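Below you'll find the structure, written out as structure tokens, and then a few comments.
Since this is a predicted model, take the numbers as computed values, not measurements.
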Amino acid sequence: MTQPSRKRGRPRILDRSAGLETAARLFWERGYEGTSIAELTKAMGVTPPSLYATFGSKEELYKQALDRNIEHQSKRRSEALRSEMSAYDALAFYLYDVAEGITDPDKPRGCIVSTAVLQHAEDSQSVARHVAKLRETSIQCLKTRFDRAVNEGELAGDTDTDALARFYSAVVQGMSAQACDGACTARLKTLADIALTAWPGNHAPTKS
């Protein structure tokens, strides 16, 4: 007598939000190339077909994980740059918030975007270009605030706002690298204080 065939259980359905959160942390800790599909599916508790059905590819998962991280981690900084506080105060808030975020004991060290995919294999070129565009977007957000500072008289009319934005972006990248090497929040805030002395405009606090 033949035994009745066993029915296979339904494969676990991948929750997109939870999957992105898990993937972002793995990518943050290990980098794009250092994180395998096997590691991702194990952490998510799903099969590779489920992952591919939800996100399409490892590259697309990485891009979506970065977007999610930026949305959550950079919200306060973006709001500060768009606020009515002075450009100097907004920049100080931005740098201090970075220092706190990249040394948060509950998260991986450093910034998932600032120093991501700087060195990479040829087949990761598309991912590297995507991350570079994200870094450029951050630079342009700073430049936009500095342009506004020129229009409002906080910076001189001949200020090279693009160079100024790239300078402070480079400071953030350096802070991220030092955080990965173990620098504490206080040390990075001291670094931010020194960087702020290079501010070429007035330091008047925001009017209440």
Please identify each residue that fulfils side-chain hydrogen bond (donor to acceptor under 3.5 Å, both in side chains) with Arg76, with sequence neighbours left out. Asp97

Using atom types as modelled and distance alone, determine if a side-chain donor or acceptor of Ser176 lies under 3.5 Å from a backbone N or O of Cys111. yes

Output the distance between atom CG (Leu66) and atom OH (Tyr32), rounded to the nearest 0.5 Å. 10.5 Å

Per the salt bridge (charged side-chain N to carboxylate O under 4.0 Å, His left out) rule, what does the pair list look like for residues 159-176, sequence neighbours excluded? Glu136-Arg166, Asp162-Arg166

The reported gap from OG in Ser50 to CE in Met44 (rounded to nearest 0.5 angstrom) is 9.0 Å

Within one Ile-Leu-Val-Met-Phe-Trp-Tyr cluster: Leu191 and Leu142, side-chain cutoff 4.5 Å: yes

Any pair with a residue in residues 129-166 that passes ring-ring contact (aromatic ring centres under 6.0 Å, His included), sequence neighbours left out, goes on the list, sorted by first then second residue, please. Phe146-Trp199

All salt bridge (Lys or Arg N to Asp or Glu O under 4.0 Å) counterparts of Glu79, not counting sequence neighbours: none

For residues 65-75, pull every pair meeting salt bridge (charged side-chain N to carboxylate O under 4.0 Å, His left out), keeping only residues two or more places apart or in separate chains. Glu21-Arg68

Verify side-chain contact (heavy atoms from CB on, under 4.5 Å) between Leu81 and Leu91, making sure each step is shown before the conclusion. CA-CA 7 Å; Leu81 292 177; Leu91 177 61; 5.8 Å; no

With a 4.0 Å cut-off, would you call Asp147 and Lys143 a salt bridge? yes

Shortest non-hydrogen pair, Ala87 vs Arg145, comes out as N-NH2, 3.1 Å

Pairwise side-chain contact, Leu95 with Val172, heavy-atom cut-off 4.5 Å (strictly under): yes

From CZ (Arg77) to OG (Ser74), nearest 0.5 Å: 5.0 Å

Parallel, tilted or perpendicular, judged at 30° and 60°: which one describes the rings of Phe27 and Tyr62? perpendicular

List the residues meeting side-chain hydrogen bond (donor to acceptor under 3.5 Å, both in side chains) with Thr103, not counting sequence neighbours, and say none if there are none. Thr185

For the student: nearest non-hydrogen atoms of Leu188 and Ala179, plus distance: CD1-CB, 3.9 Å

Answer yes or no: is there a donor N or O on one side and an acceptor on the other, between the side chain of Thr197 and the main chain of Ile194, under 3.5 Å? yes

So Thr54 and Gln64, do their side chains get closer than 4.5 Å, heavy atoms only? no

Closest non-hydrogen atoms of Ala43 and Thr22, given as atom of the first, atom of the second and distance, are CB-CG2, 3.6 Å

Between CG of Leu134 and NZ of Lys63, what distance do you get to the nearest 0.5 Å? 9.5 Å

Using the rule that Ile, Leu, Val, Met, Phe, Trp and Tyr join whenever any side-chain heavy atoms are under 4.5 Å apart, tell me whether Ile139 and Ile70 fall into a single cluster. no

For a quick test of reading the model, state the closest non-hydrogen atom pair linking Phe167 to Ala195 and the distance between them. CE2-O, 4.1 Å

Minimal non-hydrogen separation, Cys180 against Gly110, with atom names: SG-CA, 3.8 Å

If you look only at pairs with a residue in residues 38-55, which of them pass as a salt bridge (charged side-chain N to carboxylate O under 4.0 Å, His left out), with sequence neighbours excluded? Arg30-Glu39

Tell me every residue that passes side-chain hydrogen bond (donor to acceptor under 3.5 Å, both in side chains) with Thr190, counting only those two or more places apart in sequence or in another chain. none

Roughly how far apart are Thr161 OG1 and Asn151 CG, rounded to 0.5 Å? 9.5 Å

So, taking the atom named CD1 in Ile112 and the one named CG in Asn69, what distance separates them when rounded to the nearest 0.5 Å? 4.5 Å

What residues form a salt bridge (Lys or Arg N to Asp or Glu O under 4.0 Å) with Arg109, not counting sequence neighbours? none

Can you see which heavy atom on Ala80 is nearest to which on Ala90, and at what distance? O-CB, 3.5 Å

Verdict with reasoning, Arg135 to Ser169, per side-chain contact (heavy atoms from CB on, under 4.5 Å): CA-CA 8 Å; Arg135 285 192 284 264; Ser169 178; 5.8 Å; no

What do the steps show when you test Leu164 against Leu155 for side-chain contact (heavy atoms from CB on, under 4.5 Å), and what is the final call? CA-CA 11 Å; Leu164 191 62; Leu155 288 172; 4.1 Å; yes

Those residues that, when tested against Arg187, pass salt bridge (Lys or Arg N to Asp or Glu O under 4.0 Å) (two or more places apart): none

Please name all residues satisfying salt bridge (Lys or Arg N to Asp or Glu O under 4.0 Å) with Lys58, sequence neighbours left out, ordered by chain then number. none

Who passes ring pair (Phe, Tyr, Trp, His ring centres under 6.0 Å) against Tyr168, sequence neighbours left out? none

Side-chain contact test, heavy atoms from C-beta onward, threshold under 4.5 Å: evaluate it for Val98 versus Tyr94 and give yes or no. yes

Following the transitive rule for hydrophobic clusters with a side-chain heavy-atom cut-off under 4.5 Å over Ile, Leu, Val, Met, Phe, Trp and Tyr, establish whether Tyr52 and Val46 coincide in one cluster. yes

Begin with the C-alpha distance, continue with both residues' side-chain angles, and end with the deciding distance and a verdict on side-chain contact (heavy atoms from CB on, under 4.5 Å) for Val113 and Val131. CA-CA 7 Å; Val113 175; Val131 180; 4.3 Å; yes

Taking 4.0 angstrom as the limit, do Arg148 and Glu154 come out as a salt bridge? no

